[in-house]
Structure formats: C-alpha cells, structure tokens
Amino acid sequence: MSEHLTGRRAVVTGASSGLGADFARELAKRGADLVLVARRREKLEALAAELEGRHGVQCRVHVMDLTRPAAPAQLAETLDAEGWNVDVLVNNAGFGVYARFLDTEWDRIEKMLRLDVEALAAMTRVFAPGMVQRGWGRVLQVASIAAFQPSPGYAAYAAAKSFVLSFGNALHQEWKGTGVSCTVVSPGVTETEFLQVAGQEKGLFHKATLMDSPTVARQGIEAMISGSPGIVPGWMNKVTTFSTRLIPRRLQAAVADLAMKS
C-alpha cells in the first residue's frame with residue numbers, strides 16, 4: 001500500500017524525545033496529522049512547531065501522565081469531543097529499570113509496569129474499536145529485543161516487553177479482515193535517553209549493537225504501514241532474537257546476564 005498518510009490522524013505517546021519524537025517525524029513526513037502525548041510540555045510544543053513548519057501537518061499537544069489509570073480514556077474522550085478520529089496509534093511511552101529486582105524500590109517498578117503494560121493495553125482498547133468500525137487503522141506497539149528472553153537486571157522490564165510482544169501478535173491475528181493491523185517493533189540498544197533513565201552505563205554489548213533512533217523509527221513505521229505483524233530493526237538484533245530459539249530457556253537468562261554486564 002502507499003506510504004502516504006495524508007488525511008490520517010495519529011496519536012504518538014512518549015513523543016517528547018527519542019523514538020517517540022522520531023516516530024512522530026516519520027508520520028508527519030508521510031502527511032499524518034498528529035496528537036503528541038507526553039509529560040514535558042516544552043519539548044512537545046517544540047516538536048509540534050517543527051513538524052507543522054516542515055511538513056504542513058496539524059499537531060495537537062496533550063500533556064499527561066499515562067500512568068494514571070483514567071488518562072487513556074480521558075484522552076480518547078477529549079479527541080472524540082473535538083472530532084478527531086484516530087487512525088494510527090503508536091504506543092511508544094515506556095521506560096526500563098536496570099537493577100536486581102530485590103534492590104529496586106517497588107514504587108518505581110509499579111510505575112514502569114503501569115506505563116509499559118497497563119497504559120499500552122488501555123490506549124489500544126480505547127482507540128482500536130473506532131479503527132475497526134471505520135475499516136482502517138494501524139497500531140504500533142513498541143517492545144524490545146528483551147522481550148525474547150528473561151533478562152536479569154531487567155527482570156520486570158523484559159517481562160513487560162514480553163507481554164507487549166505476545167499481546168501485539170495476538171491482536172494482529174484477531175484483527176485480520178478488519179482493515180486494522182497491529183505491528184510490534186522490537187528495538188535493541190538505541191541512541192535515546194533509555195539507558196540514562198534505566199540507570200545503566202553503556203557496556204561492550206551496547207556499543208557493539210547501538211542503532212540511531214531515526215533509523216529504528218523509520219523501519220518501525222514502514223513495517224506498521226505495510227501491515228506487518230512485527231519487525232526487529234538491525235541485523236545484529238535479528239541474529240540475537242533468532243538465536244534465542246536455539247538456546248534452551250534455562251540458559252537464556254545466563255546469556256542475557258553476561259551480555260548486560262559486558
């Protein structure tokens with residue numbers, strides 16, 4: 001199908017920086033009007049001005065904390081009242097926590113799970129029905145290569161991304177024949193704020209596999225538009241995720257632990 005999205009309207013969460021901002025740039029480049037969602041107003045407004053000036057699209061900024069259980073429904077109600085039908089949803093908002101599980105404060109883990117799992121599922125639930133009703137839509141769920149194996153140090157984060165991967169693949173199958181598709185993009189190490197927020201220094205594994213954010217975003221959006229069920233950007237990441245099929249699960253955690261420490 002055409003990669004043009006002129007006349008379509010997209011919601012991008014976590015749009016204030018990193019992959020979220022680059023997903024928004026890719027969508028604007030293709031003509032989509034945008035709803036930019038994150039907590040940092042100044043960064044959202046700067047991105048909106050950039051995209052409107054460069055691509056002539058309409059951008060709306062919604063500052064909100066998606067860890068609040070009521071936030072997804074409130075956003076949907078606001079956009080519905082404004083007459084903005086959402087055709088594309090990019091569930092990018094999320095963060096990781098790098099530390100041994102018992103060494104991490106529960107409040108931080110709980111907040112991560114609410115954003116990475118609960119908010120993602122809720123956003124999908126409130127926006128996808130309208131897409132199905134109108135007969136066209138695209139949903140992009142942002143997982144991680146961590147979704148493919150247990151990852152000590154990222155125990156809860158990897159489990160959360162495993163949910164995203166399984167959830168997205170299942171929805172893709174459920175929505176066949178509706179005109180709506182669900183794509184899961186599973187990036188590896190990407191040049192964003194992720195490691196800084198997670199509390200991890202770059203090691204050998206990170207430096208060897210690092211990808212730039214615009215490239216990952218472009219590949220993710222291209223896969224989403226085509227209706228693909230999923231993509232792992234980067235050949236090294238593809239090798240990493242494929243190799244998990246060949247390693248007994250009891251060894252996967254040990255391998256991941258060594259990689260994160262290297």
Side-chain angles (χ1 to χ4, degrees), residues 10-15 18-20 22-23 37-38 66-67 69 71-72 75 86 88-98 101 108-128 131 137-175 180-190 192-195 197-198 211 213 216-217 219-225 227-234 237-238 240-242 244-245 249 252-253 256:
V11 171
V12 181
T13 67
L19 279 173
D22 287 324
F23 283 132
V37 182
L66 289 174
T67 64
L75 177 62
V86 174
V88 176
L89 171 63
V90 177
N91 272 319
N92 168 75
F95 68 96
V97 176
Y98 180 69
F101 182 75
R108 194 171 181 212
I109 295 173
E110 183 179 35
K111 186 174 183 180
M112 180 190 70
L113 294 175
R114 283 183 175 173
L115 185 59
D116 293 13
V117 174
E118 185 178 346
L120 177 143
M123 289 287 286
T124 304
R125 185 62 183 83
V126 297
F127 287 111
M131 299 180 193
R138 294 290 183 270
V139 176
L140 184 65
Q141 314 283 24
V142 180
S144 164
I145 61 169
F148 291 82
Q149 73 280 311
S151 297
Y154 282 108
Y157 172 76
K161 292 305 183 180
S162 292
F163 168 86
V164 175
L165 179 62
S166 180
F167 178 64
N169 288 165
L171 292 184
H172 185 83
Q173 179 65 30
E174 287 186 8
W175 294 346
V180 181
S181 60
C182 188
T183 301
V184 181
V185 58
S186 299
V189 184
T190 308
T192 66
E193 299 174 345
F194 178 85
L195 291 178
V197 173
M211 292 185 68
S213 178
V216 173
Q219 292 184 17
I221 294 300
E222 287 174 351
M224 180 201 73
I225 292 173
S228 170
I231 183 173
V232 177
N237 294 323
K238 287 180 172 64
T240 298
T241 55
F242 180 81
T244 62
R245 305 178 188 181
R249 192 162 181 81
Q252 290 177 11

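- For the pair Glu118 and Leu113, the minimum side-chain heavy-atom distance is 4.5 Å or more.
- The CG atom of Asp116 sits 11.0 Å away from atom CG of Leu66, with the distance rounded to the nearest 0.5 Å.
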**Message:** One pair to check against side chain to side chain contact (heavy atoms under 4.5 Å, CB included): Leu165 and Ser186. What are the steps and the verdict?
**Reply:** CA-CA 8 Å; Leu165 179 62; Ser186 299; 4.2 Å; yes
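- The backbone N or O of Ile231 sits nowhere less than 3.5 Å from a side-chain atom of Lys238 that would complete a donor-acceptor pair.
- Contact record, Arg108 with Val97: NH1-CG1, 3.7 Å, taken as the closest heavy-atom pair.
- Across Ala217 and Phe23, no two heavy atoms sit closer than the pair CA-CE2, 3.6 Å.
- Side chain of Arg138 to backbone of Ile225: a donor-acceptor contact under 3.5 angstrom is found.
- Under the 3.5 Å distance criterion, the side-chain polar atoms of Thr190 are matched with a main-chain donor or acceptor of Gly188.
- Closest non-hydrogen pair, Val12 versus Gly20, comes out as CG1-O, 3.5 Å.
- Put simply, CG on Asn237 and CD1 on Ile145 are 4.5 Å apart, with the number rounded to the nearest 0.5 Å.
- Going from atom OH of Tyr157 over to atom OG of Ser144 covers 4.0 Å, rounded to the nearest 0.5 Å.
- Of all the heavy atoms in Met123 and Leu75, the pair that sits closest is CE-CD2, 3.9 Å.
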**Prompt:** After noting the C-alpha distance and the side-chain angles of Val164 and Val142, does the key distance pass the side chain to side chain contact (heavy atoms under 4.5 Å, CB included) rule?
**Reply:** CA-CA 7 Å; Val164 175; Val142 180; over 6 Å; no
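- Rounded to the nearest 0.5 angstrom, Met131 CE and Ser181 OG are separated by 9.5 Å.
- Here the OG1 atom belonging to Thr124 is positioned 4.5 Å from the CZ atom belonging to Phe167, to the nearest 0.5 angstrom.
- Put simply, the side chain of Thr183 gets close to the backbone of Ser228: a donor and an acceptor are under 3.5 Å apart.
- Between the Asn92 side chain and the Gly14 main chain, a donor and an acceptor come within less than 3.5 Å of each other.
- Note that CD of Gln149 is 14.0 Å distant from NZ of Lys161, once rounded to the nearest 0.5 Å.
- The closest side-chain heavy-atom distance from Phe148 to Thr240 is not below 4.5 Å.
- Proximity of Val184 to His172: side-chain heavy atoms (C-beta onward) are nowhere separated by under 4.5 Å.
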**side chain to side chain contact (heavy atoms under 4.5 Å, CB included) between Val139 and Phe127, intermediate numbers included** = CA-CA 9 Å; Val139 176; Phe127 287 111; over 6 Å; no
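- Residues Trp175 and Cys182 are in side-chain contact: their nearest non-hydrogen atoms beyond the backbone lie under 4.5 Å apart.
- Annotation for Pro72 and Ala119: closest pair CG-O, 4.4 Å, computed over non-hydrogen atoms.
- In this structure, Gln219 and Val185 have side chains that are not in contact, with every pair of non-hydrogen atoms separated by 4.5 Å or more.
- No side-chain heavy atom of Asp22 sits under 4.5 Å from any side-chain heavy atom of Val216.
- Annotation: side chain of Leu19 is in contact with side chain of Pro187 (closest heavy-atom distance under 4.5 Å).
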